[in-house]
Amino acid sequence: MPELPEVETIRRVLYPQILGASIEKIEVLESRLRSPIPANLPSLLRHRRVVELQRHGKYLFFILDQDWVWLQHLGMTGKIFLQAPEDKPEQHLIFSMGLDNGLSLRYHDARRFGYLKIASEKEIHAALHLGPDSLLANPDLSFWKELKQRHVKSIKSVLMDQSLIAGIGNIYANEILACAGIHPQRSLAEIDESSLSRLKRSIRKVLLEAIRFQGSSVSDYYVSAGKKGRFQERFLVYSRDGAPCRTCATKIVAVKEHGRNSFFCPRCQR
DNA sequence: CGCACCCCCTGCCGGC
DNA sequence: TGCCGGCAGGGGGTGC
C-alpha cells in the first residue's frame, strides 16, 4: 500500500488533530501483525501525550512524552483513521485508541503486514536501519555517486531498498524512472552523471506531485475515511502496460523482476 | 557480503 | 454461477 506520498498525506491529515492529545482508552482487537502487538500495549500508551508526528520513509513516528515513541508501519493494507467514537469501524480493525479530545484513532489492516513498536527514540532508530529519507534528506549527486561505487544491482532495486534510501516502493520507483527516462533494469553502476542528476530531480518532482494529489489510491489506500488520493490518474507507467506512453505513444511494457512488476516505455527509457 | 527466493495474509479479478 | 490460481503500494528470513 502506502509509500512515502501516502504516508506523508496521512501524517498531514492526522497531525493537526492529534497534536497535544493524550491517549486514554486502548483496545486491541487483533494482535497478529507482522510481529505480535505486545500484550502490555494499553499500559505502555495510556495517558501518553502526542508531542510530534514525524515520518521517515514509510514509517510514522508518533513522538510521545517521556521519551516514548510509537512507531507505525502500514504494510500493504494498513489504514489509520481518526473518527468519532460512535462511528462504525470498518472491517479488519486491529486496534483503536480513544483520545482525550473526543476522537478515536483506529488502525485497520486486512493483510496484517503492518508493524508497531513502542520504545525509546534511540531504541527505535537502532532497530530500523533506514537510509536517508528520499524527500526530507534530498540526497545530492555525491550520495548517488557514492552508492554507485558500492552497488551493481538494478537502479530500480536500489530505489526500493529502504536501507539505502527510504520511502520509495514499487509504484514510485516505476514513476520516478519513467520521469527520468531511465530503464528500470539498468545497473546503477553504468548510469552516467547526467542521468543521475535527472534521477535526483525526478525523485523530488514525482514525490512532491504525488503528495500534492494526496497519494495514489490503487486499491486499499484512503486519505481518510472514504476519501481517495488522485495521483493514480496521473501515472506515466504504473499498471499501464499496453497503454500508450504519454510522450511518444509507444505501448508501455511490463516485465517481472524479483517478483515485482516493472512498467516502462521501451522508447523513452534507456 | 549481495542477491534470488520464499514466506507472511486477505481480497479481488480473470479464466475456465 | 462458482471455484481456483495469480496477483497486489510491504518487509524479513534463509541459503547460496
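So you know, we letter chains A, B, ... as the sequences are listed, proteins then strands, and number each from 1.
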| said: At less than 3.5 Å, do the side-chain atoms of A/R112 and the base atoms of B/dC9 form a donor-acceptor pair? | reply: no
Is the distance from OP1 or OP2 of [N] to the nearest side-chain N or O of [X] less than 4.0 Å?
X: A/N261; N: C/dA8; result: yes
X: A/H92; N: B/dT10; result: no
X: A/K256; N: B/dC5; result: no
X: A/K153; N: B/dA4; result: no

Output the rounded distance in Å from [atom1] ([X]) to [atom2] ([N]).
X: A/D109; N: B/dC8; atom1: CG; atom2: C1'; value: 12 Å
X: A/Q185; N: B/dA4; atom1: CD; atom2: P; value: 11 Å
X: A/L116; N: C/dG11; atom1: CG; atom2: C1'; value: 16 Å
X: A/L128; N: C/dG11; atom1: CG; atom2: P; value: 11 Å
X: A/D220; N: B/dC12; atom1: CG; atom2: P; value: 8 Å
X: A/E30; N: B/dC8; atom1: CD; atom2: P; value: 16 Å
X: A/H258; N: C/dT14; atom1: NE2; atom2: C1'; value: 17 Å
X: A/L164; N: B/dC1; atom1: CG; atom2: P; value: 13 Å

| A/R11 to A/Y15 six-membered ring, cation-pi geometry met (6.0 Å, 45°) |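 Ring-cation test returns yes.
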| Is the NZ or CZ atom of A/R240 both under 6.0 Å from the centre of the six-membered ring of A/F235 and within 45° of that ring's axis? |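 Because its charged atom misses either the 6.0 Å distance or the 45° angle limit, A/R240 does not stack over A/F235.
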| request: Please give the nucleotide sitting opposite B/dC9 as a Watson-Crick or G-U wobble pair, both distances under 3.5 Å, or none. | output: none
| said: Which nucleotide, if any, forms a Watson-Crick or G-U wobble pair with C/dT1, using both distances under 3.5 Å? | reply: none
| field | Pairwise P distance for B/dC9 and C/dC3, with rounding to whole Å | value | 23 Å
| task | Write down the distance separating the P atoms in C/dG5 and B/dC7, rounded off to the nearest Å. | result | 15 Å
| task | Report which part of the nucleic acid A/Y172 touches: base, sugar-phosphate, or nothing (heavy-atom distance under 4.0 Å, all strands). | result |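 Since no nucleic acid heavy atom lies under 4.0 Å of A/Y172, the category is nothing.
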| request: Give one of base, sugar-phosphate or nothing for A/R32, where a contact means two heavy atoms less than 4.0 Å apart. | output: nothing
Nearest to the [X] side chain among [options], which nucleotide is it?
X: A/F113; options: B/dG2, B/dC8, C/dG11; answer: B/dC8
X: A/R111; options: C/dA8, B/dC3, C/dG11; answer: C/dA8
X: A/H73; options: B/dG2, C/dG11, B/dA4; answer: C/dG11

| query | DNA chain B: A/Q91 or A/R150, which has the more 5' nearest nucleotide? | reply |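 Closest to the 5' end, via its nearest nucleotide, is A/R150.
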| message | Within the 3.5 Å criterion, strictly below it, is a donor on A/S154 or A/S157 matched to an acceptor on the partner's side chain? | response |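 A/S154 vs A/S157: donor-acceptor pair found between side chains.
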| field | Between A/D109 and A/T77: side-chain donor-acceptor atoms closer than 3.5 Å | value | yes
| said: Rounded to the nearest 0.5 Å, what separates atom OG in A/S22 from atom CG in A/N101? | reply: 9.5 Å
| task | Report the C-alpha separation of A/H125 and A/F61 in whole Å, then their side-chain angles, then the decisive distance to 0.1 Å, and conclude whether the ring pair (Phe, Tyr, Trp, His ring centres under 6.0 Å) test is met. | result | CA-CA 10 Å; A/H125 282 99; A/F61 294 70; 5.3 Å; yes
